[in-house]
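Note that the numbering runs from 1 along the sequence shown for the chain. Treat the numbers as computed from the prediction; the structure is a model and nothing was measured.
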Amino acid sequence: MDPLARTRKICLALPEASERLSHGTPTFFVRAKTVFTMYTEDAYDEPGPALWVPAPDGVQGELIDAEPDRFFRPPYVGHRGWIGVRLDVEPDWGEIGEIIRDGYRKVAPKRLSALLTD
């Protein structure tokens with residue numbers, strides 16, 4: 001399965017999630033308003049497909065320090081703690097699913113976040 005299809009499957013399984021283009025890239029929203037994942041592919045000088053996801057406080061620095069070849073600070077939203085995840089470097093889809101769910105929890109209303117079981 002290609003990276004966008006896998007990302008789409010993870011994101012659209014979350015409560016009240018939807019997808020539409022934003023800034024020319026597939027973007028996933030909670031209740032059609034709040035972004036929780038952006039999928040980019042050569043759009044912002046990345047070498048291949050990547051995700052941009054809001055991360056819990058402190059996680060961005062930890063991931064980038066631990067694995068700078070897989071994680072990066074994305075432009076425009078990196079200063080707000082978002083994490084960039086490269087998908088061209090042996091993606092661990094279990095971990096990516098967790099990152100996406102954490103990003104969803106960060107921006108979703110508490111009632112929707114509480115519906116996640118993991």
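Closest approach of Trp93 to Pro3, counting heavy atoms only: CH2-O, 3.7 Å. Across every non-hydrogen atom of Leu21 and Pro26, the tightest pair is CD2-N, 3.6 Å. Heavy atoms only, all atoms of each residue included: Gln60 and Pro74 are closest at NE2-CD, 4.4 Å. Residues Ala55 and Gly81 approach most closely at CB-O, 3.4 Å, considering heavy atoms. Scanning both residues, Phe72 and Val85, for their nearest heavy atoms gives CE2-N, 3.7 Å.
In terms of modelled atom types and a separation under 3.5 Å, the side chain of Glu41 and the main chain of Gly48 share no donor-acceptor contact. Remark: side-chain polar atoms of Arg31 are not paired, donor with acceptor, to backbone N or O of Pro109 under 3.5 angstrom. Between the side chain of Glu19 and the backbone N or O of Phe28 there is no donor-acceptor pair closer than 3.5 Å. Between the side chain of Thr27 and the backbone N or O of Thr25 there is at least one donor-acceptor pair closer than 3.5 Å.
Within the 4.5 Å cutoff, side-chain heavy atoms of Glu67 are placed close to those of Asp69. The shortest distance between side-chain heavy atoms of Leu115 and Leu14 does not fall below 4.5 Å. In this structure the side chain of Leu87 reaches within 4.5 angstrom of the side chain of Leu51, judged on heavy atoms. Residues Trp52 and Thr40 have side chains in contact (heavy-atom distance under 4.5 Å, counting atoms from C-beta outward).
A salt bridge links Glu16 with Arg111; the closest basic N to acidic carboxylate O contact falls under 4.0 Å. Taking 4.0 Å as the cut-off between side-chain N and carboxylate O, Arg70 and Glu95 count as a salt-bridged pair.
Note that SG of Cys11 is 10.0 Å distant from CZ of Arg101, once rounded to the nearest 0.5 Å. Between the CD1 atom of Ile83 and the CD atom of Glu62 there is a distance of 10.0 Å, given to the nearest 0.5 Å. Rounding to the nearest 0.5 Å places CG of Leu4 at 12.5 Å from CZ of Arg6.
Using cut-offs of 30° and 60° on the angle between ring planes, the pair Phe36 and Tyr104 is perpendicular.
Note on Leu12: it clusters hydrophobically with Ile100, by side-chain heavy-atom contacts below 4.5 Å among ILVMFWY residues. Hydrophobic cluster membership is shared by Leu116 and Val30, with clusters built from Ile, Leu, Val, Met, Phe, Trp and Tyr side chains linked at under 4.5 angstrom.
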>> Between Asp57 and Lys106, does the salt bridge (Lys or Arg N to Asp or Glu O under 4.0 Å) criterion hold? Intermediate values first, please.
In response: CA-CA 9 Å; Asp57 294 340; Lys106 180 146 176 87; 3.5 Å; yes

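For the pair Arg20 and Phe29, the distance from NZ or CZ to the six-membered ring centre is under 6.0 Å and the angle to the ring normal is within 45 degrees.
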